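Working notes, beginning with the structure itself.
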There are 2 protein chains.
Amino acid sequence: MSSRREPTSRRDRPAKPALSRQWIVAAALGIMREEGLEKVTMRRLAQELDTGPASLYVYVANTAALHAAVLDALLGDVDLSGDDEGGDGDWREQLRAVLRSYTLVLFAYPQLARSALVARPSGENYLRLVERVLVLLSRGGAGREQAAWGVDTLLQSATATAAEQATRERDPAATDEWNATVQALGAASEAVHPAISAYMPALVAGSPEERFRWGFDVLVNGILATPAPDASA
Amino acid sequence: MSSRREPTSRRDRPAKPALSRQWIVAAALGIMREEGLEKVTMRRLAQELDTGPASLYVYVANTAALHAAVLDALLGDVDLSGDDEGGDGDWREQLRAVLRSYTLVLFAYPQLARSALVARPSGENYLRLVERVLVLLSRGGAGREQAAWGVDTLLQSATATAAEQATRERDPAATDEWNATVQALGAASEAVHPAISAYMPALVAGSPEERFRWGFDVLVNGILATPAPDASA
DNA sequence: ACCTGAACACCGTTCAAGT
DNA sequence: ACCTGAACACCGTTCAAGT
């Protein structure tokens, strides 16, 4: 019972694999899937990897970078459908599918969507996504600036939708915030806030699906209809 | 030197005013203005108010609620210009002005904008803002659902713009993230990501002002041009 | 170069006890 | 009802020292 190492037996922990950025991110993903993003901390992660927190700083600059790396890893699940074969006519449907897939991936991890809103990722999977959206937008007739700025707007909007709707359904505590907003809107007196009062059912109505679809169309229609500043002036 | 209370002299601290939600939020605002949102913690705030953290929980549910209250207080600075007198023709300019004012207020406190992205406020000033945007949108010809969902989209987009652009300019550490993204985009090889490579200058170009204006027009154009789901089907 | 122990300087939240 | 002290259970990050 006092043996220090058993080279053959007892391999419950596979002999502590060497640290590496890849391995660290994989462990972080595991913790997130099982315990949520809020448990993906330097300390908890170090514990999981059987080392001290200080060791992680060789591979990861800080906690924000760690979360960004986890997000990028997850972005590998986004379906970029039909990655290259043409079919020019249905660019809009393809773009919608890509963004829906992106939204669904984020839906699975609301907290990650929240953090993506605030810290854009920069990994390989993110680049692939941006590339794909750019191609589809330009296929749809968007100009240079329209496509470039459009990517940003579309991804941001999809991220925000995921963060909000997903939170609203799952997160135990954050539901309170949404309830507070709904309640505040509902309680708005007709005298002080007539418009809110008049629009009230609609203000909080709509399934995630409906909101997503409408939001997508609003943006695509708007992007194609709105020229970039220097284009004409 | 051992006196317990001096009723007349030494009023550096004005005799510890009674706790109240209002007073707590005011103190929180002060800390934010002087030290940044990240210092607006229950413990720091309690210290400022000369009490223990536990005492604050009588008035504020948790830290998120505290931040939301601070945001709402700040929203009082948003210029709702011309609050009621007609001038129907220029609804678009008025709406633009309101959203610009909103963005500017958030610009002053990037971190707060970040947190607003994630936790919608629900206070009186927020309601006033929603009310105003609703009125202007419907004056512009938006239908019921268009106006209702449009408010959400417009405010979200403005918030995100503020959070991003503001952070990019001021925040010492968060600039790294943006740099990482820019660098990743710039380093995208032409072979693997031809579109990114081709669109590259445009992807990160544009002043905050230009981006804001374009984003606003995209949304307003899109909102007015896109009917709500059940409207026709 | 990589890894570590230990420390520094913090957090949010709860609870039993007081007034 | 409000306020408090004290505790519980955590954090991120740095640094000198080791290998």
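Convention: sequence-line order gives letters A, B, ...; per-chain numbering from 1. The structure presented is a predicted model; accordingly, all values stated were derived computationally and were not measured.
- Under the rule for a side chain to side chain contact (heavy atoms under 4.5 Å, CB included), the partners of B:E190 that lie at least two apart in sequence or sit in another chain are B:S197.
- Under the 4.5 Å side-chain criterion, counting only non-hydrogen atoms from C-beta, A:V78 is in contact with A:L75.
- Remark: B:T103 engages no residue in a side chain to side chain donor-acceptor pair (under 3.5 Å) (not counting sequence neighbours).
- Between the CG atom of B:L19 and the P atom of C:dT19 there is a distance of 19 Å, given to the nearest Å.
- Considering only side-chain N and O atoms, B:Y59 lies under 4.0 angstrom from the phosphate OP1 or OP2 of D:dC3.
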Identify each donor-acceptor pair in which a side-chain atom of residues 26-41 of chain B lies under 3.5 Å from a protein atom, sequence neighbours left out, and give them as a table.
{"unit_1": "B:R33", "atom_1": "NH1", "unit_2": "B:Y109", "atom_2": "OH", "d": "3.2"}
{"unit_1": "B:E35", "atom_1": "OE1", "unit_2": "B:R44", "atom_2": "NE", "d": "3.4"}
{"unit_1": "B:E35", "atom_1": "OE2", "unit_2": "B:R44", "atom_2": "NH2", "d": "2.6"}
{"unit_1": "B:E38", "atom_1": "OE1", "unit_2": "B:Q111", "atom_2": "NE2", "d": "2.5"}
{"unit_1": "B:T41", "atom_1": "OG1", "unit_2": "B:R44", "atom_2": "N", "d": "3.0"}

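- For the pair B:Q47 CD and C:dC10 P, the computed distance is 9 Å after rounding to whole Å.
- Comparing the same atom, C1', in C:dC15 and in D:dC2 gives a spacing of 15 Å after rounding to whole Å.
- A:Q22 meets the side chain to side chain contact (heavy atoms under 4.5 Å, CB included) test with A:S20; sequence neighbours excluded.
- To the nearest whole angstrom, the two C1' atoms, one in C:dA16 and one in D:dC3, are 13 Å apart.
- By the side chain to side chain contact (heavy atoms under 4.5 Å, CB included) test, A:V58 pairs with no residue at all, sequence neighbours left out.
- A sub-4.0 Å separation between OP1 or OP2 of D:dT4 and a side-chain N or O of B:T51 is present.
- Checked against salt bridge (charged side-chain N to carboxylate O under 4.0 Å, His left out), A:R96 has the following partners two or more places apart in sequence or in another chain: A:E93, A:D217.
- Rounded to an integer number of Å, the gap from B:L56 CG to D:dA1 P is 19 Å.
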Close N/O contacts between protein and nucleotides 11-17 of chain C (under 3.5 Å):
{"unit_1": "C:dC11", "atom_1": "OP1", "unit_2": "B:T41", "atom_2": "OG1", "d": "3.3"}
{"unit_1": "C:dC11", "atom_1": "N4", "unit_2": "B:R43", "atom_2": "NH1", "d": "3.4"}
{"unit_1": "C:dG12", "atom_1": "OP1", "unit_2": "B:M42", "atom_2": "N", "d": "3.2"}
{"unit_1": "C:dG12", "atom_1": "OP2", "unit_2": "B:M42", "atom_2": "N", "d": "3.3"}
{"unit_1": "C:dG12", "atom_1": "OP2", "unit_2": "B:R43", "atom_2": "N", "d": "3.3"}
{"unit_1": "C:dG12", "atom_1": "N7", "unit_2": "B:R43", "atom_2": "NH1", "d": "2.6"}
{"unit_1": "C:dG12", "atom_1": "O6", "unit_2": "B:R43", "atom_2": "NH1", "d": "2.6"}
{"unit_1": "C:dT13", "atom_1": "OP2", "unit_2": "B:Y57", "atom_2": "OH", "d": "2.9"}
{"unit_1": "C:dT13", "atom_1": "OP2", "unit_2": "B:T63", "atom_2": "N", "d": "3.2"}
{"unit_1": "C:dT13", "atom_1": "OP2", "unit_2": "B:T63", "atom_2": "OG1", "d": "3.3"}
{"unit_1": "C:dT13", "atom_1": "O5'", "unit_2": "B:Y57", "atom_2": "OH", "d": "3.3"}

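- Rounded to whole Å, atom P of D:dC2 lies 14 Å from atom CZ of B:R21.
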TODO: Convert the base pairs of DNA chain D into dot-bracket notation, remembering that pairs crossing earlier ones are written with [ ] and that bases paired across to another strand are shown as |; include only Watson-Crick or G-U pairs under 3.5 Å.
DONE: ||.|||||...|||||.||
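- Proximity of A:S101 to A:V98: side-chain heavy atoms (C-beta onward) are nowhere separated by under 4.5 Å.
- Residues meeting the side chain to side chain contact (heavy atoms under 4.5 Å, CB included) test with B:A113, sequence neighbours left out: B:L106, B:A162, B:A163.
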